[in-house]
Amino acid sequence: MTAMPFLGTATSALTGHYATVLIFVLVGFVFAGLALGVAKLIRPSNPSPAKMTTYECGELPIGSSWIRFNVRFYLIALFFIVFDVEVIFLYPWAVMFRTLYPIAGLGAIVFWEMIIFLGILTLGLAYVWAKGDLDWVKKLTERPENGAATAALEEEASAP
Amino acid sequence: MPIVLESLAKIVFMFLLIMGMVPALIWAERKGAAFIQDRTGPNRAAIGGVRLAGLVHPIADVLKLVFKEDVQPEARHKAFYNLAPWLAMTIAVSSYAVIPFGDFITIAGRKIPLVVADLQVGALYVLAVASLGTYAVVMAGWASNNKFTFLGGIRATAQMISYEISMGLALMGLMMIFSSLRITDIVAGQGDMIFGFLPKWGVVVQPLGFILFITAVFAETNRNPFDLPEGESEIVAGFHLEYSSLKFALFFMAEYCHMVVGAALIASFYFGGYQIPWAPRAVLEANAGGLLTAKLIGVAVAASVFALLFLRRAQKEKNKFNDNRDREPVLGAGLWILVAIGAAGALLLKPWTVGPQGAEMVATVFQISAFVAKVVFFAWLFIWVRWTLPRFRYDQLMHLGWKVMLPLGVANLVVTALVMAFV
């Protein structure tokens, strides 16, 4: 067999290669697609307006459901992005810790650097926690600035 | 191209494993639920009047769902609506690519590792695929243009991303101890011993990490107690409410695929994967003949006992129904007698005299069996938990994810680093 440098070392060969993953995912994709295709060919199809209504327990739906939804979900998404990106920086450190720690002069840096990094991460968590943004159920009285903001908005609206 | 062939063979094996596990799990879920709730469970579907303990039901389900009309809502977003179940199934199976189901096997002088793709960043790949699962769910929820599905979709997103961070943090402790992201390395490392007698399993070296990980896996699979995206009592069926026929079947199968992946990951990361405790590969190979003989004798004896039990029932319930159902115990007894005869017949081939090639094969088979047994146990754990615990309330879910699991994950990491640095 001719040399294929992109395939990696002898024992791992294809096994260590991302092409295998791609093939695996493609097999899954084609399998699901085939099942859908076969079912489409053999099932009956008698659509009627009544069947094609949106299901709302027998009521006729009012309006679309593509609407603005609760801002709390956006907050969760924001926290996720922030914390997940920080966590990604930890993976290389976690893998190399055992190798780097015993090296004289480097060990302390490796250890304390990440402790400080984790400290900042925890600080961020403590901040959103103290702000009450991690609470799913919020009381309006817990946020005094809410009233002030509403008053400001009302003032703005009443201005000419 | 033997390399390509061997890869294809492994891919085919993995898909057969998935396609075998999913109906088996659906059956186990129904029978398990019935067992826990003290009722009989599925016993109506039958082939020629013989019910096979409800095993016919998954087949009947597939046939029904394939031949059902696909009722689609008018208001849907067509492209995403059709893509969502397809994507759900694809994503559910893709995680299997990096899970090692055995150590290695030598065929024609070539050492073949028993994993489809031995990626250097296998653990990261698993986490990445787990987060992709969110897309299928939110796509289904949004594209159906239904208020219930929409709620289910955004609930699922918020839940899955909340628990993903804890999942990554829990795994990180394990990565520190085994200094690798490659799943085969992590599993191989768990074959060692601590203090000479305790297997170095993930659950032993990372007990807190294990609890965090198993909780996060339950949340990622959207199973009880984390099944708020479905929440039958609140939002009817959640994100897949508007799906019928085979599109629903794909979501259904994807859920069970996720369960098997979750069980396989728990087994690989925290319970030694294919490793048998106190019996490393060298020991297995050295005693292959004895082990094989013992196993065959054990199978023969167990099968005979089962056959006897069935025969006794056949005698007791001779004329219970007065139709084909009376034949079931006899058929069961016949099946077990065949197994017993097979195992006893294999003993005639003198299994205690296996050569080195055979010894390796026996060791591999034993290790694969250990892996499958662990996966089956954890899959059963999923079912067990589902029918035991009630569902969380949404604020409790968020509280657990952000205020309990995330700080605990960070603490676990710091403690692991401290122990590794100063002990």
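A, B, ... follow the sequence lines: proteins, then strands. Residue 1 opens every chain. All values below come from the heavy atoms of this structure, side chains included, with hydrogens, waters and symmetry mates left out.
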Tell me, for Q396(B) versus chain A, whether the close heavy atoms (under 4.5 Å) come from the side chain, the backbone, both or neither.
-> neither
Is it true that a side-chain atom of E74(B) and a backbone atom of P49(A) form a donor plus acceptor pair closer than 3.5 Å?
-> no
By a 4.5 Å heavy-atom criterion (distance strictly below it), what part of W66(A) contacts chain B: side chain, backbone, both, or neither?
-> both
Is the shortest heavy-atom distance from the side chain of M175(B) to the side chain of F97(A) under 4.5 Å?
-> no
Hey, does T90(B) have a side-chain heavy atom less than 4.5 Å from the side chain of V25(A)?
-> yes
Among V128(A), T99(A), L118(A), I76(A), which residue forms the greatest number of heavy-atom pairs with chain B at distances under 4.5 Å?
-> I76(A)
Spell out, as yes or no, whether a donor-acceptor pair under 3.5 Å connects the side chain of R98(A) to the backbone of F178(B).
-> no
Are any side-chain N or O atoms of N146(B) and backbone N or O atoms of T54(A), one a donor and one an acceptor, separated by less than 3.5 Å?
-> no
Counting heavy-atom pairs under 4.5 Å with chain A, the top scorer among K68(B), M14(B), M172(B) is M172(B)
Heaviest contributor of heavy-atom pairs below 4.5 Å to chain A, chosen from M89(B), K247(B), E242(B), is E242(B)
Selection from V98(B), L65(B), L124(B), T157(B) maximising heavy-atom pairs under 4.5 Å formed with chain A = L124(B)
Where on A143(B) is there a heavy atom nearer than 4.5 Å to chain A: the side chain, the backbone, both, or neither?
-> backbone
Take atom CD of E113(A) as the centre, draw a 6.0 Å sphere, and report whether it contains more than 12 heavy atoms from other residues, nucleotides or ligands.
-> no
F24(A) versus S95(B): any side-chain heavy-atom pair under 4.5 Å?
-> no
Turns out that what part of F148(B) lies under 4.5 Å from chain A's heavy atoms comes down to side chain
Student check: side-chain heavy atoms of W402(B) and F83(A) closer than 4.5 Å = yes
Scored by heavy-atom pairs under 4.5 Å with chain A, the best of I11(B), D395(B), I154(B) is I154(B)
How long is the gap from NZ on K51(A) to CD on E69(B), to the nearest 0.5 Å?
-> 3.5 Å
Applying the side-chain contact (heavy atoms from CB on, under 4.5 Å) test to L413(B), which of L90(A), I115(A), V87(A) qualifies?
-> L90(A)
Tell me, out of W142(B), Y125(B), Y96(B), who's got the most heavy-atom pairs with chain A below 4.5 Å.
-> W142(B)
Looking only at P44(A), P102(A), A39(A), most heavy-atom pairs under 4.5 Å shared with chain B are made by P44(A)
Provide the closest heavy-atom pair for F15(B) versus G28(A) in the form atom of the first, atom of the second, distance.
-> CZ-N, 3.5 Å
Could you tell me which portion of F69(A) (side chain, backbone, both or neither) has an atom closer than 4.5 angstrom to a non-hydrogen atom of chain B?
-> side chain
When rounded to the nearest 0.5 angstrom, what is the spacing between CZ in R155(B) and CZ in F73(A)?
-> 7.5 Å
Under 30°, 30 to 60°, or over 60°: which ring-plane class applies to F29(A) and W86(B), parallel, tilted or perpendicular?
-> parallel
Which atoms of M167(B) come close to chain A, meaning under 4.5 Å heavy atom to heavy atom: side chain ones, backbone ones, both, or neither?
-> neither
With a 4.5 Å heavy-atom cut-off (strictly below), which parts of residues 120-127 of chain A touch chain B? List them by number.
-> L121(A), T122(A), L125(A)
Heavy-atom contact with chain B under 4.5 Å, split by part of Y101(A) = side chain
Contacting moiety of L127(B), where chain A heavy atoms sit under 4.5 Å = side chain
Just wondering, do V121(B) and Y91(A) contact through their side chains at under 4.5 Å, heavy atoms?
-> no
Which answer fits S245(B), side chain, backbone, both or neither, if we ask what part of it has an atom under 4.5 Å from a heavy atom of chain A?
-> side chain
Supply the atom-to-atom distance K40(A) NZ to N82(B) CG, rounded to the nearest 0.5 angstrom.
-> 6.5 Å
Which distance, rounded to the nearest 0.5 Å, do you find between the CG of D84(A) and the CD1 of I161(B)?
-> 9.0 Å
Most contacts with chain A, counted as non-hydrogen pairs under 4.5 angstrom, among L246(B), I165(B), V93(B), N145(B) = N145(B)
Closest non-hydrogen atom pair between R43(A) and V66(B), with its separation = CB-O, 3.6 Å
Engaged part of F80(A) at the chain B interface, taking heavy atoms whose separation is under 4.5 Å | both
Going from OG on S144(B) to OH on Y55(A), what distance comes out if it is rounded to the nearest 0.5 angstrom?
-> 13.5 Å
